[in-house]
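First comes the structure, then the notes that go with it.
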Amino acid sequence: MPKKPDFHSNIRASFAAGFSAWRRKNKIPLKKIARDLGLSVATIDSWELGKRFPTGYNFELLVDYTGLPPCRLFCVMAEKCVPAECLLALGKKP
């Protein structure tokens with residue numbers, strides 16, 4: 001029997017890659033993000049390593065902090081993302 005894809009792991013991995021790329025591109029240390037968001041460095045690190053995914057309020061904080069639509073943060077094809085067509089970006093300004 002074929003194994004079901006683990007969508008949660010794929011989303012976490014995709015988010016981790018997107019978040020890490022954004023952070024490194026902007027040269028922002030984990031400590032600064034943690035301090036700015038009022039979270040622990042361990043929490044931010046777990047997001048970047050794909051161990052955890054920011055949910056609810058923390059995800060909204062991160063979207064506001066980065067200025068990116070949600071799809072840019074965890075879409076495997078983020079570079080091809082068109083926020084106007086992305087269901088995750090609805091209601092958010094590109």
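Index from 1, following the sequence.
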**Request:** Report the C-alpha distance between Trp47 and Leu39 in whole Å, list the side-chain angles of each, state the deciding distance to 0.1 Å, and finish with yes or no for side chain to side chain contact (heavy atoms under 4.5 Å, CB included).
**Result:** CA-CA 12 Å; Trp47 295 349; Leu39 301 168; 3.5 Å; yes

**Request:** May I ask you to test the Leu61-Asn58 pair for a side-chain heavy-atom distance under 4.5 Å?
**Result:** yes

**Request:** Can you measure from CD1 (Ile33) to CZ (Arg23) and round to the nearest 0.5 angstrom?
**Result:** 6.0 Å

**Prompt:** Judged by modelled atom types alone, do Ser40 and Thr43 share a side-chain donor-acceptor pair under 3.5 Å?
**Reply:** yes

**Request:** With side chain to side chain contact (heavy atoms under 4.5 Å, CB included) as the test, would you mind laying out the steps for Trp22 and Leu62 before giving the verdict?
**Result:** CA-CA 12 Å; Trp22 172 84; Leu62 193 58; 5.6 Å; no

**Item:** From CZ (Phe53) to OG (Ser14), nearest 0.5 Å
**Value:** 9.0 Å

**Request:** Please list, chain by chain and in numerical order, all residues satisfying side chain to side chain contact (heavy atoms under 4.5 Å, CB included) with Ala34, sequence neighbours excluded.
**Result:** Val41, Ile44

**Message:** Would you compute the distance between atom CG of Asp36 and atom OH of Tyr65 and round it to the nearest 0.5 angstrom?
**Reply:** 3.5 Å

**Message:** Quick one, Arg24 with Glu48, criterion side chain to side chain contact (heavy atoms under 4.5 Å, CB included). Give me CA distance, side-chain angles, the key distance, then yes/no.
**Reply:** CA-CA 11 Å; Arg24 292 174 197 284; Glu48 190 166 286; 3.3 Å; yes

**Request:** Kindly work out whether a path of hydrophobic side-chain contacts (I/L/V/M/F/W/Y, heavy atoms less than 4.5 Å apart) joins Phe59 to Ile28.
**Result:** yes

**Asked** Atom CZ in Arg52, atom CZ in Phe15: separation rounded to 0.5 Å?
**Response** 11.0 Å

**Within-4.5 Å side-chain heavy-atom neighbours: Arg12 and Lys51** = no

**Request:** Sorted by first residue and then second, give each salt bridge (Lys or Arg N to Asp or Glu O under 4.0 Å) pair with at least one member in residues 38-47; sequence neighbours left out.
**Result:** none

